[in-house]
Amino acid sequence: MNLDFTVSTSFFFYGMIGIFFFLAGFIYLGKRYFKRLSEAHLAGEVTKRKYASPIIGRNKYPDVNVFRASTTYLKMGLLVALLMTVLAMNVTTFEEKIDIPEDALVLTEEFEIEPPRTSEPPPPPPPPPPPVIEEVPNEEFIEEDEVAFLDQSIDENTEVAYVPPPVVEKKETAPPPPPPPPPPDEVEIEEIFKVVEEMPRFPGCDNLGDKIATKKCADQKMLTFIYKHISYPPIARENGVDGTVVIQFVVNTKGEIKNARIVRDIGAQCGAEALRVVNLMNEKAGLWTPGKQRGKNVKVQFNLPVKFKLESV
């Protein structure tokens, strides 16, 4: 007899529940049967009889002897134990198969990528207003012939009267121009790098000491996450569309994915699906290990190829 078969975890669970209810029902029916015999004996319906077997004859009331069914209970227990053992020995957990294309992180074709955008510096202050030029009237020159000289010599008998100084009317002049505004404070502009000493990594492989092994582990976990959550768009599958989509995003100094966008699309909703999975990393995968330059966390631009490949029939 060949008992080589596999049992899923859910089937084993429901099978154990079924065995439990079967045993509970069997015990319940047995208790009711013996209770009915006991009640019948007390009512005088069961009389003592003599049996040929000396072992049964030893019992005062053989009709209500529970040990009569010991053989049946033993066989039932052995059958249930054998069934549970067979189920437990054949439980198999099926691992989810994730198809990761070969060279999933390799870009075979060149395409233009815009340089990373950094924050723009503030605009320069406006120039000060031009100074107001006042027009000075030309001075009138008096010719020497028209000048009359007065004799202003005095002696001791000359009476001198006090003459108050003439009142000079003040001319209204334009207010001076306002001073130029102070120079603006220098704003530190965070640069977005494309290549740094330590590139950002997908979470989950920080405990490895070797840098090469850490990068390989992080890349594998990232590919597993992408191709586990991605779905081939039905419209692309129906029209036989396959190829490589490139998603560009920035890993900031906290390890968050920001400004994710499609820089190369093959159509048929493939780009939108790849972008959805990349944005899902912040929620389900966790924070990345940020990139470092000279020991300081910096923003790094990351270009991720996502390959859609139809299975050949």
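Worth saying up front: this structure is predicted, and the values here are computed from it rather than measured. For reference, positions follow the sequence shown, starting with 1.
Going from atom CZ of R237 over to atom SG of C270 covers 10.0 Å, rounded to the nearest 0.5 Å. The CD atom of Q248 sits 5.0 Å away from the CG atom of N303 when rounded to the nearest 0.5 Å. The CH2 atom of W288 lies 12.0 Å from the CG atom of N252; values are rounded to the nearest 0.5 Å. In this structure, K228 NZ and K284 NZ are separated by 8.5 Å, a value rounded to the nearest 0.5 Å. Rounding to the nearest 0.5 Å places NZ of K216 at 14.0 Å from NZ of K221. One distance of note links OG1 of T214 with CG of D210; it measures 6.5 Å at 0.5 Å rounding.
Using a 4.5 Å cut-off between side-chain heavy atoms of Ile, Leu, Val, Met, Phe, Trp and Tyr, with links allowed through other members, M16 and V80 fall into the same hydrophobic cluster. The hydrophobic cluster containing L310 also contains V241, counting ILVMFWY residues as joined when their side-chain heavy atoms lie under 4.5 angstrom apart, directly or transitively. In the hydrophobic clustering of this structure, I27 does not group with L83; members are Ile, Leu, Val, Met, Phe, Trp, Tyr whose side-chain heavy atoms approach within less than 4.5 Å, directly or through other members. Cluster membership for F225 and L287, using ILVMFWY side-chain heavy atoms within less than 4.5 angstrom, is not shared.
Not a single donor-acceptor pair under 3.5 Å links the side chain of N259 to the backbone N or O of V250.
Residues K309 and D242 come closest through the heavy atom pair CA-CB, 4.0 Å. A pairwise comparison of heavy atoms in G271 and D265 identifies N-OD1, 3.1 Å as the closest pair. Minimum heavy-atom separation, I262 to A272: CD1-N, 3.9 Å. Nearest heavy-atom pair, V245 versus A274, reported as atom, atom and distance to 0.1 Å: CG1-CB, 4.1 Å. Scanning both residues, I247 and L275, for their nearest heavy atoms gives CD1-N, 3.9 Å. In terms of heavy atoms, K307 sits closest to Y227 at N-OH, 3.1 Å.
Scanning for ring pair (Phe, Tyr, Trp, His ring centres under 6.0 Å) contacts around Y232 gives F308, with sequence neighbours left out. Under the side chain to side chain donor-acceptor pair (under 3.5 Å) criterion, K254 pairs with no residue at all, not counting sequence neighbours. Partners of R276 according to the side chain to side chain donor-acceptor pair (under 3.5 Å) rule, which considers only residues two or more places apart in sequence or in another chain, are E273.
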*asked:* Show, in sequence, the C-alpha distance, side-chain angles and deciding distance for R201 and C205, and conclude whether the side-chain contact (heavy atoms from CB on, under 4.5 Å) test is met.
replied: CA-CA 8 Å; R201 298 190 306 272; C205 298; 5.8 Å; no

V263 vs R261, test: side-chain contact (heavy atoms from CB on, under 4.5 Å). Steps then yes/no. CA-CA 6 Å; V263 295; R261 63 191 185 95; 3.9 Å; yes

Requested in this report: Show your working on side-chain contact (heavy atoms from CB on, under 4.5 Å) between V306 and T244 and close with a plain yes or no.
Outcome: CA-CA 6 Å; V306 180; T244 303; over 6 Å; no

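Looking at K258 and K299, their side chains never come closer than 4.5 Å, going by heavy atoms from C-beta outward. Looking at heavy atoms from C-beta onward, M281 lies in side-chain contact with F202 at the 4.5 angstrom threshold. Residues I19 and M84 form a side-chain contact, since some pair of their non-hydrogen atoms from C-beta on lies under 4.5 Å apart. Side-chain atoms of E197 and R294, non-hydrogen and from C-beta on, do get closer than 4.5 Å to each other. Under the 4.5 Å side-chain criterion, counting only non-hydrogen atoms from C-beta, F249 is in contact with L304. Residues Q293 and V300 have side chains not in contact (no heavy-atom distance under 4.5 Å, counting atoms from C-beta outward). L79 has its side chain out of reach of K75: every pair of non-hydrogen atoms, C-beta onward, lies at least 4.5 Å apart. Taking the side chain as every heavy atom from C-beta outward, K292 and V196 never approach each other to under 4.5 Å.
Within a 6.0 Å radius of CD1 in I212, no more than 12 heavy atoms belonging to other residues, nucleotides or ligands are found.
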